[in-house]
Amino acid sequence: MLRFILSRLAQSFAVIFVVITATFFLVRLAPGDPFSSERRIPEFIKQRILEHYGLDRPAIEQYWNFIRNAAPKRFRPDRIFEEDPLMSAFGINLGPSFTQARTVNQIIADTFPVSLELGFWALVIALSLGLTAGLTAAIFKNSALDYVPMSAAMVGICLPTFVMGPILALIFGVWLGWFNVSGWFLPQDRVLPAVTLGLVYAAVIARITRGGMLEILSQDFIRTAQAKGVPYTRIVFKHTLRGGLLPVVTFMGPALAGIISGSFVVETIFQIPGLGRQFVQSAFNRDYFLVLGTVSVYAVLITLANLTVDIVQVILNPRLRFED
Amino acid sequence: MPLPTRLSPGEKRLPDPAILPEQIEEGTSLWKDAWHRLSRNRLALFSFWTLVVIASLCFVGPFFTPHAFDAQNLEKTLQSPSWQHPFGTDDLGRDQLTRVLVGGRVSLTVGVIATIVSLIIGVTYGAAAAYIGRKVEAVMMRLVDILYAMPFTIFVILLMTIFERSLILLFVAIGAVEWLTMSRIVHGQVKSLKKQEFIEAAVSLGFGTRRILFRHLIPNVLGVVAVYATLTVPSVMLLESFLSFLGLGVQPPQPSWGSLIKLGADNIQLYPHLLVIPAFFFSLTLFSLNFLGDGLRDALDPKSSKD
Amino acid sequence: MPLLQVDDLTTYFHTRNGTVRAVEGVSFHVHRGETLGIVGESGSGKSVTCYSMLGLIPMPPGRIERGRALFDGKTDLLGCTPKELQRIRGKRISMIFQDPMTSLNPYLKVSTQIMEPLQLHEKVTKKEGLRRAIAALEEVGITEASRRVHFYPHEFSGGMRQRVMIAMAMITQPDLLIADEPTTALDVTVQAQILELIRMRQAANKSAVILITHDLGVVAGMCDRINVMYAGRLVETGTAEDIFERARHPYTIALKRSIPSLGQKGKPLYTIPGLPPDLSKPIPGDAFALRKGIRSGGKYANVAPPLEQVSETHWVRASDCELPSLEEVLNEC
């Protein structure tokens, strides 16, 4: 078990490293630079700016400098009161932004909590709604309680975030006037974005839950439990749930990645000051360090999620625990 | 709603006679059987015809509309539906009906071609890995696992923002993401098929690796591939319109359903029809493709079917 | 009074491809402590018969059309409520299944699974349950039971898992044990051990056993009485001696001739020609006469052949079918 976790941990580090490296060179390979887009700058000034940011150096040297600055260092508890507490305390310096008056550290510290909150509520909605619908459908298979939620789920899957968002905004924002169409100030401003982001995954989770539960319910060992006189509710919750929910656990990795890319859209639609918008904007503006910073955050987040999923899977499925 | 007192755990547990006689009497082929089942699935059939209608509208329709998709008329911007413009006009006074149809053409084309790209890569890779076996297989599939863990949409967005946006790049970027699932599925299928007798027979008859791969294995994997290809098309279209929504996909003046939806989303307060109409076509297409894929899966793999 | 008296049990499956008449008017009984064998090909309705009595038939598509299964002289298993049936299952009637690899829950520890009948039916404490679970494992010959009781099923071999199944089925000392092909999925070397184990546990608990199998060889040394089923109907019933020495029905005779150990060395083995009939079409007469390669006089083409009494213990369904000789069968091939 420990060996498994360690090997997965090593793999996670490798993935983060590869993602950051690939992003770095991808951005550098691209034609154009951050200062060639809009207004024309005299050549000598541009030269000075490039020098100032170290962008005139060979790519390898720049890469090395970035990695050195971005790598976490010894923990300094006295720094946790800075604007970007975690990054400062670990001595992570992600560099300057070319388009904003803040450092990348500050931008992430300002915007990431917003995206995290949005993602958290979306995940809560996806899981609570998806699991309830999927379990109900599986338990009451081939009845109205199966068909109705499953049809709704199918509709949900075919209404991606960028369709769902504007439609929800139209109905509940414009027509009914229950919520603001954009902004992120009041508690109720969280509702529409989180629902938009969560519904699609609720639909997928409902389908996966139903499929997983029915798969287990059709196994021979369920018949054994019936023959022992186990009541139906106990069959569902004691004998089926563990195996039946495994596919849902597996899906949580891709789901998180999907929620992150969904946040790009949702933050645009509802004008939310989150990290997703920063990422898309920075890519447009060739704001090198901001692109790298945001991608690094996503890479860490996704690998962490995958690691957690792997571990939970092993905990749930005894057959995966080979070395004990 | 009373709790069902007895589980109905699928057809697997039926006594043999329920399945046996049919097989003995007719010995129908998998495909014939599958077609029979599919044609009885009304929803899948309905989806199929919906797709046919939408596709022919999108590919033929624009030739018959009186406006070109990129003909601007700045005096008639953002009009509501009328006889002259049944879906209204957009912010540059272009006919929305033509644009929705042409946009569908673009979205469907991207969907199909990127699926074919992912199909070719995925099937070849997965089948080769399973066929070669041993260490090479382990390394190849581990690589797929690792790639799976990569935040791919992020890379696609980077690619599309950084490089000259073109349809070719779009195909490559999307195809590169979607082949992973396909290769996993094909890998699993081939691996289980490989253990079966007819492959062993082919090996013992001295057929070469390539011949076994292309003459025996791939035809047998086709069913599963057909199902997942049908299900890949909607996910590709989703990715394409996601990118177009962010302004990273198909470039103007060329419309796509994603960019049309984006325009609608931007003008939702005043001109909801700009959102509702393309969103309807887009969702209906996704819906049909998903149901058709589900129907195909049920038809080809009766064990996984619902009742 | 018999422990179990089944009358006219009839179970159909209403599928999309028509009604499958899986069990048609089957009657039999089991006395306390005795062993009854039910023999037939796959699809002859032998398993469905027993599953029907315990309410283990998936409904829909299955439906028990008519019949009565009087257990212990009081309870009609087919007529009682699901709740009542639940109290009987696993307490007074237990089951063992064919494939021990899939019949144990891979997600739960063996201890949890073995203790479950006790906790459900006898409301014992966890501690007491565990003690009895360990004792039950020891009784079925599993060494180091107190340690291995905490294992998961995948940590046991196939034969060991079947032992676990037996321990689990017998832990409540049921009056009746139904063993559905308990040895079919096991290695030949383990088969005899498992049968012996069932017999030992049966003797220790004074339980009755219904042994379902397609293998006449298995019932030979084990059963007091034998039911032979074909196409959902009983074709012959009698004591082991009646069946092995005085079999009347051509199907029973054919089954016996196809047992390898009873044939002579060096001679080709007898096989029954043809296949069982399609049960989704009603069979008005003798089902065995419909089998390809079987000659019949046609007396029971459209009339249901009656069950005739041969002796006090021996009943045979009338049939005017004639088995082809070994040479004819071989020529067909």
Side-chain angles (χ1 to χ4, degrees), chain A residues 11-12 14-15 18-19 22-23 26-27 29-32 139-145 154-155 157-163 165-167 169-170 174 181 214 217-220 222-223 226 232-233 235 253-254 257-258 260-261 264-265 268-269 279-280 283-284 286 291 295 298-299 302-303 306, chain B residues 1 3-13 145-146 148-164 234 238-239 241-242 244-248 258 261-262 264-266 268-269 272 275-276 278-280 282-291 294 303-304 306-307:
Chain A
Q11 198 184 317
S12 304
V15 168
V18 168
V19 169
T23 310
L26 203 60
V27 181
L29 273 176
I139 292 170
F140 302 99
K141 191 188 159 207
N142 289 342
S143 76
L145 281 173
M154 197 69 196
V155 175
I157 285 175
C158 297
L159 285 177
T161 35
F162 54 86
V163 175
I167 288 179
L170 178 66
V174 179
V181 178
L214 288 183
L217 281 174
S218 72
Q219 299 286 320
D220 282 351
I222 296 299
R223 186 182 53 192
Q226 282 178 288
Y232 186 70
T233 38
I235 284 186
I260 286 175
S261 45
F264 305 159
V265 166
T268 308
I269 296 173
F279 167 65
V280 176
F284 265 117
R286 306 219 187 307
V291 170
V295 170
Y298 289 137
I302 290 174
T303 37
N306 284 330
Chain B
M1 184 65 218
L3 266 165
T5 50
R6 286 152 183 150
L7 306 170
S8 39
E11 289 181 324
K12 206 166 92 186
R13 202 173 306 160
D145 285 347
I146 292 173
Y148 240 110
M150 296 276 177
F152 251 107
T153 3
I154 290 173
F155 277 127
V156 173
I157 290 176
L158 281 180
L159 273 179
M160 298 308 292
T161 47
I162 286 164
F163 293 101
E164 192 84 10
L238 216 64
L239 189 51
S241 44
F242 168 77
S244 296
F245 184 90
L246 290 175
L248 299 172
I261 291 170
K262 167 70 174 159
D266 288 343
I268 191 151
Q269 310 225 9
L275 169 72
V276 172
F280 171 77
F282 180 65
S283 299
L284 188 65
T285 308
L286 291 190
F287 216 73
S288 308
L289 280 165
N290 278 324
F291 271 121
D294 271 10
K303 259 189 301 181
S304 73
K306 272 202 266 180
D307 46 355

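- Separation of atoms CZ (B:F287) and CD1 (A:I157) is listed at 9.5 Å; rounding is to 0.5 Å.
- Between chain A and the options B:L275, B:D266, B:L289, B:L284, heavy-atom pairs under 4.5 Å are most frequent for B:L275.
- Between chain A and the residues B:N290, B:T285, B:V276, the largest count of heavy-atom pairs under 4.5 Å involves B:N290.
- Chain B forms the most heavy-atom pairs under 4.5 Å with one residue out of A:V18, A:T161, A:T23, and that residue is A:T23.
- Contacts between A:S261 and chain B at a heavy-atom distance below 4.5 Å involve backbone atoms as well as side-chain atoms.
- Here the CG atom belonging to B:L246 is positioned 9.5 Å from the CZ atom belonging to A:F279, to the nearest 0.5 angstrom.
- Within the 4.5 angstrom heavy-atom criterion, only side-chain atoms of B:I157, from C-beta onward, approach chain A.
- Using a 4.5 Å heavy-atom threshold, the side chains of B:T153 and A:Y298 count as separate.
- Proximity to chain A (any heavy atom under 4.5 Å) is shown, for B:F291, by both the backbone and the side chain.
- Two residues are said to be in side-chain contact when any heavy atoms from C-beta on lie closer than 4.5 Å; A:P160 and B:F242 fail this criterion.
- Looking at A:V181, the atoms closer than 4.5 Å to chain B (heavy atoms on both sides) all sit in the side chain, from C-beta outward.
- With a threshold of 4.5 angstrom between heavy atoms, A:L26 approaches chain B through its backbone and through its side chain.
- Both the backbone and the side chain of B:S241 come within contact range of chain A, with heavy atoms under 4.5 Å apart.
- Proximity to chain B (any heavy atom under 4.5 Å) is shown, for A:V19, by both the backbone and the side chain.
- Looking at B:S283, the atoms closer than 4.5 Å to chain A (heavy atoms on both sides) sit in the backbone and in the side chain alike.
- When every heavy atom of A:A283 is checked against every heavy atom of B:T161, the shortest pair comes out as CB-OG1, 3.4 Å.
- Both the backbone and the side chain of A:F264 come within less than 4.5 Å of a heavy atom in chain B.
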